[in-house]
Amino acid sequence: MPACRTTGAGAEPRVPSPLVGTRDSDWEGVRLHVVTGKGGTGKTTVSAALALALAEGGRRTLLVEVEGRQGIARLFDSGPLPYGESKMAVAPEGGDVYALPVDAEQAFFEYLDMFYHLGRAGKSLNRLGAVEFATTIAPGMRDVLLTGKVYEAVRRRRDGRRAYDAVVLDAPPTGRIARFLNVNAEVAGLARVGPIHGQAESIMRMLQSPQTVVHIVTLLEEMPVQETSDTVAELTRAKLPVGGVVVNMTRPPLLDRNALSAATKGTLDQDLLAAGLAAAGIDVGDPATDPTIAGLAAEASEHATRVHLERQERRTLETLDHPTYELELLPDGVDLGGLYRLADDLCRQGMA
Ligand SMILES: Nc1ncnc2c1ncn2[C@@H]1O[C@H](COP(=O)(O)OP(=O)(O)O)[C@@H](O)[C@H]1O
Ligand SMILES: [Mg+2]
């Protein structure tokens with residue numbers, strides 16, 4: 001297997017690690033990677049980076065978006081995506097990422113067609129407002145359609161082989177993920193026999209099988225970490241397989257251990273602070289009274305507090321006992337080059 005590569009535009013060359021030359025994914029054999037997380041933690045970004053990392057080495061991956069925000073198109077610098085699967089990016093050493101924004105209405109016609117062969121009649125149902133009924137009045141129906149589409153993409157075959165080596169789902173946020181993935185269990189309970197029952201059961205079987213994992217994206221902040229813990233518990237109760245925890249947007253500590261401790265206690269050496277400022281070309285007066293030095297000490301103290309809190313959050317995440325991966329905060333935001341870099345980071349850490 002080929003190694004992870006750092007060839008995205010803007011990526012810096014790295015010292016080769018002994019692992020380069022092998023590809024040792026923690027999730028070998030997984031076909032569906034579901035990515036959830038508290039809103040704004042980077043679900044879409046991580047999904048795209050993961051799809052790219054999984055494509056590395058000549059594979060084909062499909063990145064599915066179900067929230068209808070065209071976030072994937074924006075991330076890949078593309079215009080709005082048409083319905084259907086379009087090639088989005090190429091991995092550095094070959095491998096294709098396709099993207100599919102799933103539209104519930106379109107999925108509804110496919111569903112009708114599959115079970116009732118109502119393709120054309122379905123269009124007139126639309127005029128009667130049936131689609132609105134199905135997707136608005138019965139919100140669970142929407143999730144049935146979206147998960148059904150994902151199921152179809154995972155299983156699809158083309159020329160005797162799998163159409164996609166892996167599917168990555170940019171899924172609903174932590175607050176809704178268990179319900180979203182579990183909707184087919186409800187359907188199977190409601191429709192006790194027949195094709196709808198069979199389809200719902202097959203989808204549940206796939207979601208609960210070792211072919212599927214649900215990764216959770218978090219920041220080193222209290223709320224997202226709390227939601228991560230809650231979601232691990234909720235998914236476990238629902239017998240849905242929890243995958244890895246992706247700690248996104250991390251920042252390296254700026255001070256060493258001793259300085260952090262001094263900053264916390266407010267005992268940073270003022271003469272050293274003054275010398276540091278002077279070295280940076282900033283004029284300072286008497287170290288004991290200069291406001292710039294006091295300001296710098298206050299900032300150092302805030303930084304130390306944050307580092308301290310982040311350590312606590314890290315410890316909480318460790319108790320969850322799932323593989324964790326870290327992605328640094330890219331200072332200039334996530335452009336296409338940044339996305340390749342994040343993909344490479346995930347690959348190097350064994351996520352793909
Ligand atoms: N590692 C990162 N470094 C810098 N910015 C990031 C990183 N990950 C995500 N972002 C930015 O954070 C914002 C939210 O990310 P997004 O993937 O859209 O989150 P979500 O899908 O969870 O709402 C976006 O502006 C994205 O570019
Ligand atoms: Mg998103």
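Each ligand, and each atom within it, is numbered from 1 in the order the structure gives. Since we're looking at a predicted model, the values are computed, not measured.
Residue contacts with ligand 1: Leu327 is excluded, as none of its non-hydrogen atoms falls under 4.0 Å.
Residue contact check: Glu328 has heavy atoms under 4.0 Å from atoms 1 (N), 2 (C), 3 (N) of ligand 1.
Ranking protein heavy atoms by distance to atom 12 (O) of ligand 1, first place goes to Met249 CE, 3.5 Å. In this structure, the protein non-hydrogen atom closest to atom 3 (N) of ligand 1 is Leu330 N, 2.8 Å. For atom 8 (N) of ligand 1, the closest non-hydrogen atom of the protein is Asn248 ND2, 2.9 Å. Protein heavy atom in closest approach to atom 17 (O) of ligand 1: Thr45 OG1, 2.6 Å. Shortest contact from atom 5 (N) of ligand 1 to any protein heavy atom: Val334 CG2, 3.6 Å. In this structure, the protein non-hydrogen atom closest to atom 14 (C) of ligand 1 is Gly40 O, 3.9 Å. Among all protein heavy atoms, the one lying closest to atom 20 (P) of ligand 1 is Lys43 N, 3.5 Å. Looking only at heavy atoms of the protein, atom 18 (O) of ligand 1 is closest to Thr44 CB, 4.2 Å.
For Asp170, no heavy-atom contact with ligand 1 is shorter than 4.0 Å. By the criterion of a heavy-atom distance under 4.0 Å, both the backbone and the side chain of Leu329 are placed next to ligand 1.
For atom 24 (C) of ligand 1, no protein heavy-atom neighbour is found at a distance under 4.0 Å. Proximity of atom 1 (N) of ligand 1 to the protein is indicated by at least one non-hydrogen atom lying closer than 4.0 angstrom.
A cation-pi arrangement, defined by a distance under 6.0 Å to the six-membered ring centre and an angle within 45 degrees of its axis, is absent between Arg31 and Tyr164.
By the 4.0 Å N-to-carboxylate-O rule, Asp96 lies close enough to Lys87 to be salt-bridged with it.
The aromatic rings of His33 and His215 sit parallel, their planes meeting at an angle under 30°, below the 60° perpendicular limit.
At least one N, O or S atom of Thr44 sits under 2.8 Å from the Mg ion (ligand 2).
In terms of heavy-atom proximity, Ala352 sits nearest to Ser25 at C-CB, 3.5 Å.
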